[in-house]
Amino acid sequence: MAETREEETVSAEASGFSDLSDSEFLDLEDTQESSTSPNKPGPSSELPGKDGKLISLPKWKRGLDVSSPMERFHLKYLYVTDLSTQNWCEQQMVYGKELPGFLTPEKSAVLDTGASIHLARELEVHDLVTVPITSKEDAWAVKFLNILSMIPTLQSEGRIREFPVFGEVEGVLLVGVIDELHYTARGELELAELKTRRRPVLPPDAQKKKDCFQVSLYKYIFDAMVQGKVTTASLIHHTNLRPEKPLGPSVLRHARQGGFSVKSLGDLMELVFLSLTLSDLPVIDILKIEYIHQETATVLGTEIVAFEETEVRNKVQHYMAYWVGHREPQGVDVEEAWKCRTCNYADICEWRKSGGLPNSMLEPQAKKAK
DNA sequence: ATTGCTTAAGGG
């Protein structure tokens, strides 16, 4: 809320959809030319050299090894849900990055239903306003404007939804959106995460664990933000945002309508930092997850998550070790092989093939002809 | 710009 009224432009997502065209020119990046020496990229990474074939491949050199997954996937930051998906199955998450947009119709129908339930709840607390953007600076500016309007709303009205969070964690920038924040009757700041379910039953422990990890990450990042631990310098460093690049006219207009006189993204970032740290925002006291049935909206159960800081940090360290190229991805343990049953990548999964789990499990009817 | 770039979450 606290957005400009004007609700005819509420088309929300609208266009973002088929435009991941991304013409991917083979980026012929020859980094190894005379760059003196103090630069040591890979961790003892040697040439793959499957048969002693050394250099002499000037173009597609970037394809194999020597680059971290962050670089290979051309990522500057990760989503919180990337890490919670990674918690479910790291190998599956990797396939999801390699082969994006690979969902069965049934699965995406469930996701769509969940998304619209979330949208309906969001609309209960504020209108949506479409702000046309043309650059990533614009996109971040809108995010910042949302933060600037939501903080006072939380403090005065006690409830906000879809609050953006971001912060460097273990060397990687993590970006996410908190479903809901509100103050309880006892004055505690509570994060409420809604999970909708196709069938009217509580999820298995593995999924609860993933969801607990997700909300724990939100608290981890949010707390760092209000404690001034998330700096604009860090954000700029990870995103390559240009603080002085002129903002688009619609963004500037939106800012003015919101009562913010800013001329650049840098101004906005400073305002956000000040607002976060000087608004008397507490750290999050309670983490709550509510599971409801999609069709009937019946509450299936509520989880109160005990925040274990060191445990969260250890997990994040482990997950980030993959992202920065310190270790290979791994699939699930044998006892969680049941997850493969609903995985879109099960039949191409190298983890399954290479004995991550005995291929004797499941698929009794998969007679190996030939 | 001898090289760029991203709405996050959606559920299992």
Side-chain angles (χ1 to χ4, degrees), chain A residues 12-17 19-31 33-34 62 70-71 73-85 87-89 92-93 96-97 100-101 103-104 106-122 128 130-131 133-143 146 161-166 173-180 193-199 201-211 214-215 217-218 221 238-242 245 289 291-294 300 332 336 338-346:
Chain A
E13 73 272 51
S15 63
F17 180 179
D19 46 7
L20 60 163
S21 52
D22 213 281
S23 50
E24 195 73 13
F25 314 125
L26 304 172
D27 55 57
L28 43 138
E29 163 186 283
D30 267 70
T31 54
E33 63 158 8
S34 70
R62 198 199 182 116
M70 288 300 284
E71 296 167 327
F73 294 126
H74 299 237
L75 300 174
K76 291 211 280 285
Y77 53 83
L78 297 175
Y79 302 144
V80 167
T81 48
D82 287 334
L83 291 214
S84 57
T85 301
N87 178 281
W88 176 264
C89 174
Q92 181 190 40
M93 184 276 305
K97 288 292 184 188
L103 280 180
T104 66
E106 307 79 51
K107 198 171 278 189
S108 55
V110 177
L111 291 177
D112 286 348
T113 301
S116 47
I117 292 173
H118 276 264
L119 178 59
R121 294 233 177 172
E122 179 180 6
L128 289 187
T130 300
V131 181
I133 58 173
T134 59
S135 68
K136 61 175 183 174
E137 280 75 15
D138 281 356
W140 280 90
V142 170
K143 186 198 297 280
N146 284 335
R161 291 192 62 93
E162 307 293 317
F163 185 83
V165 292
F166 51 86
L173 181 65
L174 212 45
V175 176
V177 176
I178 293 177
D179 206 3
E180 174 172 327
E193 170 74 27
L194 177 70
K195 295 295 184 194
T196 73
R197 297 186 48 79
R198 177 72 183 86
R199 316 216 30 224
V201 292
L202 278 172
D205 284 346
Q207 189 162 344
K208 283 184 184 171
K209 230 179 83 229
K210 185 207 73 167
D211 296 338
Q214 180 184 353
V215 297
L217 282 176
Y218 289 140
I221 301 171
H238 284 285
T239 56
N240 290 332
L241 284 169
R242 284 148 297 183
K245 176 175 179 176
I289 305 172
Y291 295 95
I292 71 168
H293 183 213
Q294 286 191 343
L300 306 173
V332 296
E336 287 200 321
W338 55 269
K339 288 179 176 176
C340 305
R341 198 165 45 79
T342 57
C343 177
N344 296 320
Y345 310 101

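Small disclaimer: the values here were computed from a predicted structure and weren't measured. Chain A is the first sequence line, chain B the second, and so forth, proteins listed ahead of strands; every chain is numbered from 1.
- Nearest heavy-atom pair across A/Trp140 and A/Val175 is CH2-CG2, 4.0 Å.
- Each of A/Asn240 and A/Val165 lies near DNA chain B, and the nucleotide nearest A/Asn240 is the one positioned closer to the 5' end.
- With sequence neighbours excluded, the residues that form a side chain to side chain donor-acceptor pair (under 3.5 Å) with A/Lys97 are A/Asp82.
- Between A/Ser116 and B/dG10, a side-chain N or O to OP1/OP2 separation shorter than 4.0 Å is absent.
- Taking 4.5 Å as the limit, some side-chain heavy atom of A/Asp211 sits within range of a side-chain heavy atom of A/Gln214.
- For the pair A/Phe166 CZ and B/dA8 P, the interatomic distance rounds to 11 Å; values are reported in whole Å.
- At the heavy-atom level, A/Ile133 lies nowhere under 4.0 Å from the strands shown.
- Of the side-chain N and O atoms in A/Lys143, one or more sit less than 4.0 angstrom from OP1 or OP2 of B/dA8.
- Closest approach of A/Glu137 to A/Arg242, counting heavy atoms only: OE2-N, 2.9 Å.
- Distance, A/Leu75 CG to B/dA8 C1': 14 Å, rounded to whole Å.
- A/Lys76 meets the salt bridge (charged side-chain N to carboxylate O under 4.0 Å, His left out) test with no other residue; sequence neighbours excluded.
- In this model, a side-chain donor or acceptor of A/Gln92 finds a partner on the base of B/dG12 within 3.5 Å.
- Counting heavy atoms from C-beta on, the side chains of A/His238 and A/Phe166 never come closer than 4.5 Å.
- Taking only side-chain atoms of A/His74, from C-beta outward, the nucleotide of B/dT6, B/dC5, B/dA9 with the closest atom is B/dC5.
- Distance check on atom C1': B/dA1 versus B/dC5 gives 13 Å, rounded to whole Å.
- Between A/Lys195 and B/dG10 there is a side-chain N or O to OP1 or OP2 distance below 4.0 Å.
- The phosphate of B/dG12 has neither OP1 nor OP2 within less than 4.0 Å of any side-chain N or O from A/Thr342.
- Within the structure, a side-chain polar atom (N or O) of A/His118 is placed less than 4.0 Å from OP1 or OP2 of B/dG10.
- Regarding contacts with the backbone of B/dG12, every side-chain N or O of A/Tyr345 stays at 4.0 angstrom or more from both OP1 and OP2.
- Between B/dA9, B/dT6, B/dG12, one nucleotide has an atom nearer to the side chain of A/Gln207 than all others, and that is B/dG12.
- Looking only at atom types and distance, the side chain of A/Asp179 has no donor-acceptor partner in the side chain of A/Tyr218 under 3.5 Å away.
- As judged by a 4.0 angstrom heavy-atom cut-off over every strand, A/Phe73 is placed among residues making no nucleic acid contact.
- Counting to the nearest Å, the P atom of B/dA1 and the CD atom of A/Glu137 are 17 Å from each other.
- Using a 4.0 Å heavy-atom criterion, one finds that A/Ser84 contacts no nucleic acid atom at all.
- Counting any heavy atom pair closer than 4.0 Å across all strands shown, A/Val142 reaches no nucleic acid atom.
- Side-chain nitrogen and oxygen atoms of A/Tyr77 include at least one within less than 4.0 Å of the OP1 or OP2 phosphate oxygen of B/dA8.
- Ranking B/dG10, B/dT6, B/dG11 by closeness to the A/Gln214 side chain, first place goes to B/dG10.
- Atoms NZ (A/Lys76) and P (B/dT3) sit 14 Å apart, rounded to a whole Å.
- Rounded to an integer number of Å, the gap from A/Asp82 CG to B/dG10 P is 13 Å.
- The shortest distance between the side-chain N/O atoms of A/Arg198 and the OP1/OP2 oxygens of B/dG12 is not below 4.0 Å.
- Judged by distance alone with a 3.5 Å cut-off, no donor-acceptor contact links the side chain of A/Lys107 to the base of B/dG12.
- In this structure, CG of A/Leu174 is placed 13 Å from C1' of B/dA9, rounded to the nearest angstrom.
- Atom C1' of nucleotide B/dG11 and atom NZ of A/Lys339 are separated by 13 Å, given to the nearest angstrom.
- For A/Tyr79 against B/dT7, a side-chain-to-base donor-acceptor contact under 3.5 Å is absent.
- For the pair A/Asn344 CG and B/dG12 P, the interatomic distance rounds to 14 Å; values are reported in whole Å.
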